[in-house]
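In what follows, a structure is listed as structure tokens, so that the remarks can point back to it.
Starting from 1, each residue takes its place in the sequence as its number.
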Amino acid sequence: MMMQLPETCNQKNSLFNAMHRFIGAVNNMDQTVMLPSMLRDVPLDEDAELSAMKSDMEDGDMYSYYQLLKSIRTDIEWGVRCAAIDERRKESMKITRTSSSASTSSSSSTSSTEEEDEEEEEEDLDLEKQFQYHLTGLQGVLGKLTVQANSLTKRYKKEIGIGGWGQ
């Protein structure tokens, strides 16, 4: 039996918790929005949090954004469905290793091994930096998407006249 420890600041900011908050916000949005079609033709630009998305979307209404948030939730829960996107991700994550050709001199065999070890250490550090960079970015994006899912939910309530309910 494991004893559960109180959530620390680091756990609060973990990727897992960021995903959990986003999925919870989208689930709440999905349960609140009983008639998604009512979101059609409702512009995003009346809401500060949602209007930021307008430039990223071809269709600037709340219905399109509602569908986008649900699609992102599905991608997080089940993985990205599009093989082309998956393939692009693999291409961008390939490690290009530049190693010098092995020299034929007798003294190079030991120094070559040391150079390879140093290169591997540098690659490991680069991978760690890449991971931290992308993790930070992903957490930031998930935070923004969570705020936007909550904003869409509030806006829907306002549109149908239940703005003060459930707060």
Side-chain angles (χ1 to χ4, degrees), residues 1-96 124-167:
M1 184 171 165
M2 278 182 52
M3 189 173 114
Q4 189 171 357
L5 300 173
E7 191 176 84
T8 66
C9 180
N10 290 341
Q11 289 172 318
K12 183 180 176 188
N13 295 318
S14 76
L15 176 60
F16 176 78
N17 287 325
M19 289 188 309
H20 183 71
R21 284 189 296 272
F22 169 72
I23 290 170
V26 174
N27 287 344
N28 182 44
M29 175 191 76
D30 206 15
Q31 291 169 359
T32 302
V33 178
M34 295 296 184
L35 298 168
S37 60
M38 287 185 68
L39 297 171
R40 289 190 193 277
D41 302 323
V42 176
L44 291 173
D45 51 6
E46 290 177 24
D47 190 297
E49 281 95 5
L50 296 174
S51 64
M53 285 306 295
K54 190 171 185 177
S55 62
D56 297 338
M57 296 180 57
E58 295 171 17
D59 226 349
D61 68 359
M62 288 183 61
Y63 179 78
S64 300
Y65 197 58
Y66 169 82
Q67 294 292 8
L68 175 67
L69 290 167
K70 286 180 56 173
S71 174
I72 292 171
R73 176 192 61 189
T74 302
D75 288 345
I76 289 173
E77 291 177 331
W78 299 101
V80 177
R81 297 161 305 223
C82 180
I85 291 172
D86 193 43
E87 196 58 36
R88 253 185 266 132
R89 183 178 50 83
K90 286 179 187 173
E91 285 293 321
S92 69
M93 293 304 292
K94 276 187 181 171
I95 302 170
T96 54
D124 290 343
L125 289 175
D126 287 345
L127 284 175
E128 183 179 14
K129 286 177 186 175
Q130 286 178 14
F131 174 75
Q132 290 171 348
Y133 173 80
H134 290 293
L135 181 63
T136 301
L138 184 55
Q139 287 173 317
V141 168
L142 284 169
K144 290 176 186 175
L145 289 170
T146 301
V147 166
Q148 292 172 348
N150 289 331
S151 295
L152 192 144
T153 303
K154 288 177 193 170
R155 178 79 183 278
Y156 176 82
K157 288 178 179 181
K158 181 180 165 189
E159 289 291 321
I160 64 168
I162 57 168
W165 289 17
Q167 293 186 12

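Judged as a side chain to side chain contact (heavy atoms under 4.5 Å, CB included), and not counting sequence neighbours, T136 has no contacts. Checked against salt bridge (charged side-chain N to carboxylate O under 4.0 Å, His left out), D30 has the following partners two or more places apart in sequence or in another chain: K70, R73. A search for side chain to side chain donor-acceptor pair (under 3.5 Å) contacts involving Q67 returns Y63, not counting sequence neighbours. Residues forming a side chain to side chain contact (heavy atoms under 4.5 Å, CB included) with Q132 (at least two apart in sequence, or on another chain): E128. L138 is linked by a side chain to side chain contact (heavy atoms under 4.5 Å, CB included) to L15, L142, counting only residues two or more places apart in sequence or in another chain.
Applying the salt bridge (charged side-chain N to carboxylate O under 4.0 Å, His left out) rule to pairs touching residues 139-151 yields nothing, sequence neighbours excluded.
Between T146 and A18, the shortest heavy-atom contact is OG1-O, 4.4 Å. When all heavy atoms are compared, the tightest approach of D61 to R40 is OD2-CA, 3.6 Å. Scanning both residues, M19 and I76, for their nearest heavy atoms gives SD-CG2, 3.9 Å. Residues Y156 and M34 approach most closely at OH-N, 3.3 Å, considering heavy atoms. Heavy-atom minimum distance, L69 versus A149: CD1-CA, 3.7 Å.
Atom NZ in K129 sits 6.0 Å away from atom CG in D126 (nearest 0.5 Å). Atom CD in Q148 sits 9.5 Å away from atom CZ in F22 (nearest 0.5 Å).
Looking at heavy atoms from C-beta onward, M29 lies out of side-chain contact with T32 at the 4.5 angstrom threshold. Two residues are said to be in side-chain contact when any heavy atoms from C-beta on lie closer than 4.5 Å; L39 and V33 meet this criterion. M62 places none of its side-chain heavy atoms less than 4.5 Å from the side chain of D41.
Counted by atom type alone, S14 and N17 present one or more donor-acceptor pairs between their side chains at under 3.5 Å.
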